[in-house]
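These figures come from a predicted structure and were not determined experimentally. Position 1 is the first residue of the sequence; numbering continues from there.
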Amino acid sequence: MQQPESHILVIFGASGDLTKRKLIPALFELDQQKLLPEKFAILGVSRTEMTDQAFREKMREFLPFTSPNDAAFSKFLEAIYYQSLETSEASDYPKLKERLERLGDRLSIPANYIFYLSTPPQLYRVIPQILAESGMNDLSTGFKRIIIEKPFGTDLDSARELNKNLLTFYSEGQLFRIDHYLGKETVQNMLVTRFSNGIFEPIWNQNFIHHVEITSAETLGVEDRGGYYDHSGALRDMVQNHLMQLVGMIAMEPPVVIEANAIRNEVLKVFQSMRPIQEADVPRQVFRGQYTPSHIGEELIKGYREENGVDSQSRTETFVALKFNIDNFRWAGVPFYIRTGKKLPTRVTEVVIYFKTTPHHLFEYHADTEPINNQLVLRIQPDEGVLLKLGMKVPGAGFRVQTMNMDFHYNELSDKYLPSAYSRLLLDCMHGDATLYSRSDAVEKAWEYFQPILDAWKNNCDIPIYGYPAGTWGPEVVDQLVENGYWRRPCKNLAHDGEYCEL
Ligand code: BG6
């Protein structure tokens, strides 16, 4: 693969968690794979005063240990620099400009810059604007790109305002809105599964598919992010962004080419075809829950309201399940279900396509072998892979049918390098490829879709928030949402469903 053009990557919010846990390790991974540009520097920026060396030492702790004499490791660390800056003060920015120019001169790097905003969202308008006003968006000297972490707004109005502000100073092609779900290999593989296999595409529609179920479960609670999460909740934190990207991949029409705008146009069309949920329908179509204290084994698990930074009367949802329809030729009449939550029994993200049963049932079915709904499970994480459930004959007399699993696991490709989501996305941005980044119109469309739900929850206190004991699959009432009350009970291992579920 061609190396990206030489550039400096500026990380705002360099002393934050994301930088050390995700960004620096992802960059190191790219370095090890020899995918970084020939001339490259990382400039960490935040308010704390620190020397380059002190910053390097901090970052070193988050890199996999290699021998102290490892020359490649030392070279990577030496490419990291640090600049303290009052990020919201325009008067401080000449300092940054000068530092970039000096670094560029010394390392012979042209004025190609990527600015990564790993800061609190309040700064998403401020930093890009000051950068542009201080002459750091001068395209005549090299490329200038901005990467923005989610959340892109907290509702429709704030998202529109943010986009409007960014687009005053930058073109859409310079803006890279990161959604780390799109960086996951298994999410990208959904496109390949659909569009490279002649057997799936002809049946990928309302003639053959009964319904689609998307699950994203986490065992963790809000940990030390209570302050943020209590103002966000599961709908904003997971559904409006990450899980909508999965919907886009599953439901889109084949793009004309694999190219940023072709793919993103198709995703947008899916969002545009989603039948709006009216405020009045929210209580029937969207269920929210919050985890309550419980015992898992010997351990007493805290309820959400007891978590640090969380209001003791909080009505923020840590679980959400919803049903929706996509009104187009392909999906007319096919219900889609999403559920996501914290403190569930296992960590798993997957999409299940339930195919319709055969029109006539010839065989003998028993309680555990009802007419087979063939299921195709696209597992995003963990035990990444694909599972197909098929009906097979039970050996012996008669024609008894049993469901069997045909499974493929990504770890069977152990000789292949699987990039982490952040390294894949960073590399794409370095190449100027926005295919796996969210475009402003799709972000706004997604907010538009969820706004009535947010409004209903805000305006109507009678809409219940159901408690569920930590470690369970969410409020029981959620079974009412799906026709036959059946949600798949996935386990850590892709093919071990229904056998046990680790707690
Ligand atoms: C983040 C959310 O965007 O995604 C977190 O803010 C969530 O609350 C995380 O835990 C899930 O990501 P992953 O990759 O672990 O599924």
Side-chain angles (χ1 to χ4, degrees), residues 150-151 179-182 184 186-187 190 209-218 232-252 267 270-278 281-290 316-327 331 333-354 375-381 438 442-443 445-454 456-457 463 465-466 468 473-490:
K150 76 168 237 273
D179 185 310
H180 77 278
Y181 264 55
L182 284 178
K184 292 181 192 274
T186 40
V187 172
M190 295 203 292
I209 293 180
H210 186 268
H211 68 277
V212 177
E213 179 185 298
I214 299 175
T215 296
S216 179
E218 293 182 86
S232 168
L235 193 75
R236 288 185 171 96
D237 187 52
M238 288 297 292
V239 184
Q240 186 275 343
N241 34 64
H242 305 325
L243 302 186
M244 281 293 272
Q245 297 299 348
L246 301 189
V247 173
M249 295 286 150
I250 285 299
M252 70 157 84
V267 170
V270 173
F271 295 176
Q272 286 167 334
S273 319
M274 288 170 65
R275 186 186 307 163
I277 297 181
Q278 307 299 336
D281 293 328
V282 169
R284 276 189 305 280
Q285 261 180 271
V286 189
F287 290 99
R288 55 180 173 164
Q290 191 183 78
T316 298
E317 78 288 358
T318 58
F319 178 97
V320 66
L322 69 145
K323 172 182 181 176
F324 62 93
N325 286 84
I326 300 178
D327 285 338
W331 296 113
V334 179
F336 279 70
Y337 301 97
I338 287 182
R339 68 177 161 169
T340 181
K342 298 219 180 265
K343 287 273 188 227
L344 300 189
T346 191
R347 173 176 180 255
V348 62
T349 303
E350 65 178 26
V351 175
V352 189
I353 311 289
Y354 290 82
Q375 294 169 27
L376 179 70
V377 183
L378 303 171
R379 176 61 78 91
I380 315 288
Q381 65 195 17
S438 315
V443 170
K445 199 73 211 167
W447 276 120
E448 196 180 311
Y449 185 77
F450 289 107
Q451 193 60 51
I453 304 176
L454 296 171
W457 285 348
I463 301 179
I465 175 155
Y466 299 95
Y468 62 96
W473 276 106
E476 275 178 28
V477 64
V478 162
D479 291 347
Q480 291 173 14
L481 200 60
V482 280
E483 265 165 58
N484 51 6
Y486 174 84
W487 292 87
R488 194 172 115 85
R489 295 277 185 254

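Separation of atoms CZ (Arg339) and CG (Leu322) is listed at 12.5 Å; rounding is to 0.5 Å. Considering OH of Tyr468 and CD of Gln290, their distance stands at 8.0 Å, rounded to 0.5 Å. Separating the CD1 atom in Ile277 from the OH atom in Tyr449 is a distance of 3.5 Å, to the nearest 0.5 Å. A distance of 9.5 Å separates CG of Leu344 from OG1 of Thr215, quoted to the nearest 0.5 Å. Distance check: Met244 CE to Trp447 CH2 gives 11.0 Å after rounding to the nearest 0.5 Å. Atoms OG1 and CE, on Thr318 and Met238 in that order, are 12.5 Å from each other to the nearest 0.5 Å.
Classification of the His211-Tyr354 ring pair by plane angle, with boundaries at 30° and 60°, yields parallel. Relative ring orientation between His242 and Tyr181 is described as parallel, the plane-to-plane angle staying below 30° on a 0-90° scale split at 30° and 60°.
Side-chain contact of Thr186 with Gln381: a donor-acceptor pair under 3.5 Å is absent, judged by distance alone.
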So Asp237 and Lys342, side chain to side chain contact (heavy atoms under 4.5 Å, CB included) or not? Walk me through it.
CA-CA 11 Å; Asp237 187 52; Lys342 298 219 180 265; 4.2 Å; yes
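With hydrogens and angles disregarded, no donor-acceptor distance shorter than 3.5 Å links the side chain of Lys150 to the backbone of His180. When atom types are taken as modelled, the side chain of Asn325 and the backbone of Gly333 share no donor-acceptor pair closer than 3.5 angstrom. Of the possible donor and acceptor atoms, none in the side chain of Arg288 sits under 3.5 Å from a partner among the backbone N and O of Leu235. The backbone N or O of Trp473 lies less than 3.5 Å from no partner atom in the side chain of Trp487, so there is not a single donor-acceptor pair. Panel note: side chain Glu213, backbone Arg488; a donor-acceptor pair is recorded below 3.5 Å.
Qualifying salt bridge (Lys or Arg N to Asp or Glu O under 4.0 Å) partners for Lys323, counting only residues two or more places apart in sequence or in other chains: none. Among residues two or more places apart in sequence or in another chain, the side-chain contact (heavy atoms from CB on, under 4.5 Å) test is passed with Ala234 by Tyr229, Glu317, Val320, Thr340. In this structure, Glu476 has no side-chain contact (heavy atoms from CB on, under 4.5 Å) partners at least two apart in sequence or on a different chain.
Side-chain contact between Gln285 and Ile453: absent, with no pair of heavy atoms (C-beta onward) separated by less than 4.5 Å. In this structure the side chain of Ile465 never reaches within 4.5 angstrom of the side chain of Trp457, judged on heavy atoms. In this structure, the side chains of Val334 and Ile326 stay at 4.5 Å or more apart for every pair of heavy atoms. Residues Met249 and Leu182 form a side-chain contact, since some pair of their non-hydrogen atoms from C-beta on lies under 4.5 Å apart. Side-chain contact between Pro283 and Ile463 is present, with heavy atoms from C-beta onward closer than 4.5 Å. Counting only heavy atoms from C-beta outward, the side chains of Phe324 and Val247 approach each other to under 4.5 Å. Using a 4.5 Å heavy-atom threshold, the side chains of Trp331 and Met274 count as separate. Between Phe271 and Met252, the closest side-chain pair of non-hydrogen atoms is not below 4.5 Å.
Shortest non-hydrogen contact noted between Ser216 and Thr349 is OG-OG1, 3.3 Å.
None of Val351, Leu243, Leu246, Leu481 except one satisfies the side-chain contact (heavy atoms from CB on, under 4.5 Å) rule with Ile338; the exception is Leu243.
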